[in-house]
Amino acid sequence: MLTKVQIRECLDTFAEMFPDAHCELVHENPFELVIAVALSAQCTDALVNKVTKNLFKKYKKPEDYLAVSLEELQSDIKSIGLYRNKAKNIRSLCETLIEKYNGEVPREHEELTKLAGVGRKTANVVVSVAFGVPAIAVDTHVERVSKRLGICRWKDSVLEVEKTLMRKIPKDEWSQTHHRLIFFGRYHCKAQSPKCDICPLLHLCREGQKRMKKEKKHA
DNA sequence: CTCCCGATAT
DNA sequence: ATATCAGGAG
């Protein structure tokens, strides 16, 4: 496990590598963000953006998603995968927004998680990106990077990872760090072929050092 | 824990 | 061919 000073070094390095990391899901309002994040489960941001480009032209309000057949909505998001669940969730989510929230996206985390297809991670993204509330959404990248670097433990659950990160990172840096962790994971510390050979944090990364040794043996 | 699932990288 | 992708629900 990394020390407080070592974690500070990680945060500073993330800042140098990705100074303007941000939410890459294209959206113009909280409603579009909720839809985009709900669609993004087990799918790349790039693909979500490709689909929402047309989707957000066709569907502007919650009512619009309820005006078409389930099959039509499925077909509109099919290329994203998990499309049956996601189409069902979006319809249910829109019904709830209309019935309980006057068609608006609620600002409270607890209310957000009551929406179909919106779990803890998605709610964190929405409160953080749409409403400016400090939060750390732990997705596959944040989890992988935190575990590889030793910011948290390998056996930690997603919730434990989030708690650890909140404990070890100053609150006013949560949202920024969250996006930098994602960029670091997405473009540098990748799942399949991490760039350990050029990583500025290799000296404090057990996992990276292990990988480099293996690579040497293979060569 | 399993299932949902197409697109893309390796 | 297989792993992975801004996860959530049952």
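Within every chain, numbering begins at 1; the chains are lettered A, B, ... in the order of the sequence lines, protein sequences first and strands thereafter.
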Peer 1: Donor-acceptor pairs under 3.5 angstrom involving side-chain atoms of residues 104-111 of chain A: please list them, not counting sequence neighbours.
Peer 2:
| residue | atom | partner | partner atom | Å |
| --- | --- | --- | --- | --- |
| His109(A) | NE2 | Asn124(A) | OD1 | 3.0 |
| Glu111(A) | OE1 | Tyr101(A) | OH | 2.5 |

Peer 1: Within less than 4.0 Å of OP1 or OP2 of dG7(C), is there a side-chain N or O belonging to Thr140(A)?
Peer 2: no
Peer 1: Specify the separation, in whole Å, of atom NZ of Lys121(A) and atom P of dC5(C).
Peer 2: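 Answer to the nearest Å: 12 Å.
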Peer 1: Give the rounded distance in Å between these two atoms: CH2 of Trp174(A) and P of dA6(C).
Peer 2: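 Trp174(A) atom CH2 is separated from dA6(C) atom P by 24 Å.
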Peer 1: I need the single residue from Val145(A), Leu181(A), Leu2(A) that forms a side-chain contact (heavy atoms from CB on, under 4.5 Å) with Cys10(A). Which is it?
Peer 2: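 Answer after filtering Val145(A), Leu181(A), Leu2(A): Leu2(A).
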Peer 1: For residues 28-35 of chain A, which residues have at least one heavy atom under 4.0 Å from DNA chain C?
Peer 2: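 By residue number: none to list.
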Peer 1: Select from Ala191(A) and Gly119(A) the residue whose nearest nucleotide in DNA chain C is closer to the 5' end of that strand.
Peer 2: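 Of the two residues, Ala191(A) wins.
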Peer 1: If you check every side-chain atom of Gln192(A), which of dA9(B), dC5(C), dA6(C) has the closest atom?
Peer 2: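 The nucleotide sitting nearest to the side chain is dA9(B).
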Peer 1: With ring centroids as reference points, do His22(A) and Phe183(A) lie under 6.0 angstrom apart?
Peer 2: yes
Peer 1: Is the phosphate of dT4(C), meaning OP1 or OP2, less than 4.0 Å from a side-chain N or O of Arg186(A)?
Peer 2: no
Peer 1: Kindly check if the number of other-residue, nucleotide or ligand heavy atoms within 6.0 Å of NZ (Lys61(A)) is above 12?
Peer 2: no
Peer 1: For nucleotides dA7(B) and dG8(C), find the distance between their P atoms and express it as a whole number of Å.
Peer 2: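 The same atom, P, in both gives a distance of 22 Å.
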Peer 1: I need the CD1-P distance between Ile136(A) and dA6(C), as an integer number of Å.
Peer 2: 18 Å
Peer 1: Please enumerate all residues that pass side chain to side chain donor-acceptor pair (under 3.5 Å) together with Arg144(A), with sequence neighbours excluded.
Peer 2: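 Partners of Arg144(A) by the side chain to side chain donor-acceptor pair (under 3.5 Å) criterion, ordered by chain and then number, come out as His141(A).
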Peer 1: Roughly how many Å is it from NZ in Lys50(A) to P in dA6(C), rounded to a whole number?
Peer 2: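 Whole-Å distance recorded here is 14 Å.
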Peer 1: Starting at OH of Tyr187(A) and ending at C1' of dA9(B), how long is that distance when rounded to a whole Å?
Peer 2: 14 Å
Peer 1: Should Glu16(A) and Arg180(A) count as an ion pair when the cut-off is N to O under 4.0 Å?
Peer 2: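 Arg180(A) and Glu16(A): not salt-bridged.
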Peer 1: Here's a test of your reading of the structure: between Cys23(A) and Thr113(A), which maps to the more 5' nucleotide of DNA chain C?
Peer 2: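 Of the two residues, Cys23(A) wins.
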Peer 1: For the CG atom of Asp45(A) and the SG atom of Cys23(A), what is their distance to the nearest 0.5 Å?
Peer 2: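 One gets 7.0 Å once the value is rounded to the nearest 0.5 Å.
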Peer 1: How many angstroms lie between atom NZ of Lys100(A) and atom CG of Leu97(A), to the nearest 0.5 angstrom?
Peer 2: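 Between atom NZ of Lys100(A) and atom CG of Leu97(A) there are 11.0 Å.
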Peer 1: Nearest 0.5 Å, what's the CE-CZ distance between Met1(A) and Arg206(A)?
Peer 2: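 It comes to 12.5 Å.
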Peer 1: Any carboxylate oxygen within less than 4.0 angstrom of a Lys/Arg side-chain nitrogen, looking at Glu95(A) and Arg91(A)?
Peer 2: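 Result for this pair is no, no salt bridge flagged.
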Peer 1: How close or far is atom P of dA6(C) from atom CG of Leu112(A), stated in whole angstroms?
Peer 2: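 Roughly 21 Å, once rounded to whole Å.
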Peer 1: Which residues, if any, of residues 70-97 of chain A bring a heavy atom under 4.0 Å of DNA chain C?
Peer 2: Leu82(A)
Peer 1: Given atom CD of Glu24(A) and atom C1' of dC5(C), what is their separation to the nearest angstrom?
Peer 2: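 From Glu24(A) CD to dC5(C) C1': 13 Å.
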Peer 1: Can you pull out the residues from residues 38-48 of chain A that lie within a 4.0 Å heavy-atom distance of DNA chain B?
Peer 2: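 Within residues 38-48 of chain A, the residues near DNA chain B are Gln42(A), Leu47(A).
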Peer 1: Would you measure the distance from the P atom in dT2(B) across to the matching atom in dA6(C) and give it in whole Å?
Peer 2: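 Looking at atom P only, dT2(B) and dA6(C) are 23 Å apart.
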Peer 1: To the nearest 0.5 Å, tell me how far Lys60(A) NZ sits from Glu63(A) CD.
Peer 2: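 Taking NZ in Lys60(A) and CD in Glu63(A), the distance rounds to 14.0 Å.
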Peer 1: Name all pairs fulfilling the ring-ring contact (aromatic ring centres under 6.0 Å, His included) condition that reach into residues 49-78 of chain A, sequence neighbours left out, sorted by first residue then second.
Peer 2: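 Pairs touching residues 49-78 of chain A that pass the test: Phe31(A)-Tyr65(A), Tyr59(A)-Tyr65(A).
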Peer 1: Nearest whole Å is fine: how far is dA6(C) P from His141(A) NE2?
Peer 2: 3 Å
